[in-house]
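Just so you know, these numbers come straight off a predicted model, no measurement behind them. Whatever order the structure lists ligands and atoms in, that order sets their numbers, starting from 1. All residue numbers in this chain count up from 1 along the given sequence.
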Amino acid sequence: MTKVYDLDTPSVTIDLDRLEKNIKRVQEMVSAKGMKNRPHIKTHKIPDIAKMQLAAGASGLTCQKLSETEVFVDAGLTDDILITFDIVGEKKTEHLMRLADRVNKLTVVADNETVVRGLSEAGVRHGKDVPILIECDVGFGRNGVQSPEAALSLARLAMNLPRVKFEGVMAFPTVGEKAVSFLSGALELFKAEGIPVPVVSGGGTPALLSLGDFPMVTEHRPGTYVFNDVMMVHSGIATWDDCALTVRATVVSLPTGDRGIIDAGSKALTREQYYVKNFGKVVEYPGAVVNNMSEEHGMIDFSGSETRPKVGDVINIIPNHCCVCINMHDKVFGIRGEDVEIEWPVAARGKLT
Ligand SMILES: Cc1ncc(COP(=O)(O)O)c(C=O)c1O
């Protein structure tokens, strides 16, 4: 069996014990609140991991893009998928309808009239209903209708158009006061109008910490929890020991007493930062920081570390954001201890359309 130290660098390894533990833990957290778990596969882009999530009790999957969804459908994951992205234009609605023919239930979100009308026209062309959720901007400042009233009026439009089937509302991330008041306000409005809202879809891994604030949510969409990363540790939902994904990199130079250079730069780790500093956590040297990078070089400042590696040593970096990191790699290696148990192609990497 291949050993982890036989792997070339840079390479991505997944600690399978941690992966399995993360899947089980979050399934239990979501189930304990009486919610369905609909994990977002954009984190891993690997059908086998989606199968593990479903085997652990997930009720369905979330995908972000059509071509990404297609990879999972091709792998036989055809039961229940939600696409959390506005599908705009006939080229894409045709793609959606081809996928809908292969999936038992394929739902999409919409946050504007153009999208809802386009979905209706596609449904009419194909003689098939398109289930939709109205996306609400509950504080993130990305897409989503801007008020409960706007959610109601878009739902009304959907209900008056042929072949779109209003099924509920969706939001990301479901955290904070504003999200609570937006969703409860919307549900009150719908109730007053006598419109049933069977699905209230919430999401986010840090949002798992406050599931209790959202009793109205019927399903939750966590993504990053399968691997975790620097951002998840920073948010308090994970510890370093819950981080399953690391980038193995070789120290190729130590140009000064404090500076080390590794063979993993922005093309292996990405420059993603969001709300954290630096570019990744060095597992073996807790006081060291990946403080800069170019495409193929990572610069590590060892001044805060009592010890130093040698040129040729291999070290592990936990990336800031595992979801974008994995999209940079053709394959990942599932490891248990020193053994490489499995090699997974990142099947949906680069599937952005
Ligand atoms: C629409 C949507 N739902 C769910 C998620 C999963 O969130 P997280 O990666 O925090 O678990 C994301 C992540 O980007 C998302 O965009």
Side-chain angles (χ1 to χ4, degrees), residues 19 22-23 25-27 29-30 33 35-46 49-50 53 56 58-66 68-69 72 80-87 106-112 115 132-145 151 167-176 179 182-183 199-211 214 217-238 242-245 270 272-276 318-327 348 351-352:
L19 171 70
N22 293 340
I23 289 174
R25 172 183 171 230
V26 167
Q27 181 63 49
M29 282 173 92
V30 176
K33 291 283 185 252
M35 297 171 187
K36 291 180 179 171
N37 182 30
R38 183 187 285 283
H40 206 314
I41 60 74
K42 53 102 207 179
T43 298
H44 52 74
K45 291 177 171 274
I46 296 171
I49 297 184
Q53 292 170 308
S59 62
L61 300 175
T62 310
C63 296
Q64 205 82 327
K65 293 300 193 72
L66 293 164
E68 181 182 70
T69 309
F72 284 74
D80 184 342
I81 298 178
L82 168 67
I83 299 181
T84 47
F85 208 89
D86 279 317
I87 308 290
L106 182 59
T107 308
V108 281
V109 303
D111 77 343
N112 66 77
V115 170
I132 69 162
L133 304 181
I134 303 299
E135 179 161 3
C136 304
D137 176 7
V138 295
F140 194 43
R142 199 166 68 178
N143 48 341
V145 293
E167 297 224 323
V169 294
M170 168 272 182
F172 174 80
T174 32
V175 287
F182 193 121
L183 290 177
V199 179
V200 179
S201 185
T205 295
L208 292 163
L209 288 169
S210 52
L211 286 181
F214 292 87
V217 164
T218 60
E219 64 170 31
H220 192 74
R221 307 178 317 275
T224 311
Y225 78 101
V226 272
F227 301 144
N228 292 310
D229 52 25
V230 173
M231 292 199 303
M232 293 307 108
V233 174
H234 189 270
S235 75
I237 185 64
D242 300 322
C243 293
L245 182 150
T270 80
E272 195 91 322
Q273 283 186 312
Y274 273 106
Y275 47 82
V276 296
I318 298 170
N320 285 350
H321 189 180
C322 61
C323 315
V324 284
C325 171
I326 204 165
N327 191 50
K351 300 292 184 195
L352 307 177

Give the contacting part of R142 toward ligand 1: side chain, backbone, both or neither, where contact means a heavy-atom distance below 4.0 Å. side chain
Taking distance alone, with no angle check, do Q64 and ligand 1 share an N/O pair under 3.5 Å? yes
Numbering the atoms of ligand 1 from 1, which are under 4.0 Å from a heavy atom of T84? 1 (C)
What I want to know is whether K42 and ligand 1 share at least one N or O pair that is separated by under 3.5 angstrom. yes
Give the atom numbers and elements of ligand 1 that come within less than 4.0 Å of a heavy atom of H40. 2 (C), 3 (N), 4 (C), 5 (C), 12 (C), 15 (C)
Measure P173 to ligand 1 on non-hydrogen atoms and call it side chain, backbone, both or neither using the 4.0 Å cut-off. neither
Of all the atoms in ligand 1, which lie at a distance below 4.0 Å from a heavy atom belonging to G204? 7 (O), 8 (P), 10 (O), 11 (O)
Below 4.0 angstrom from a heavy atom of P206, which ligand 1 atoms are there? Numbered from 1 as shown, please. 10 (O)
Whether C323 lies under 4.0 Å from ligand 1, heavy atom: no
Look only at interatomic distance and state if R221 has a nitrogen or oxygen under 3.5 Å from any nitrogen or oxygen of ligand 1. yes
Would you check if the side chain of R38 reaches a backbone N or O of H220 as a donor-acceptor pair within less than 3.5 Å? no
Tell me the contacting part of T205 for ligand 1: side chain, backbone, both, or neither, using a 4.0 Å heavy-atom threshold, strictly below. both
Hey, does T224 come in under 3.5 Å of ligand 1, counting only N/O atoms on both sides? yes
One finds that the ligand 1 atoms under 4.0 Å from a non-hydrogen atom of M170 are 1 (C)
For P222, counting its heavy atoms only, list the atoms of ligand 1 lying under 4.0 Å from any of them. 11 (O)
Under 3.5 Å donor-acceptor, N22 side chain and V226 backbone: yes
May I ask you to check whether G223 has an N/O atom sitting below 3.5 Å from an N/O atom of ligand 1? yes
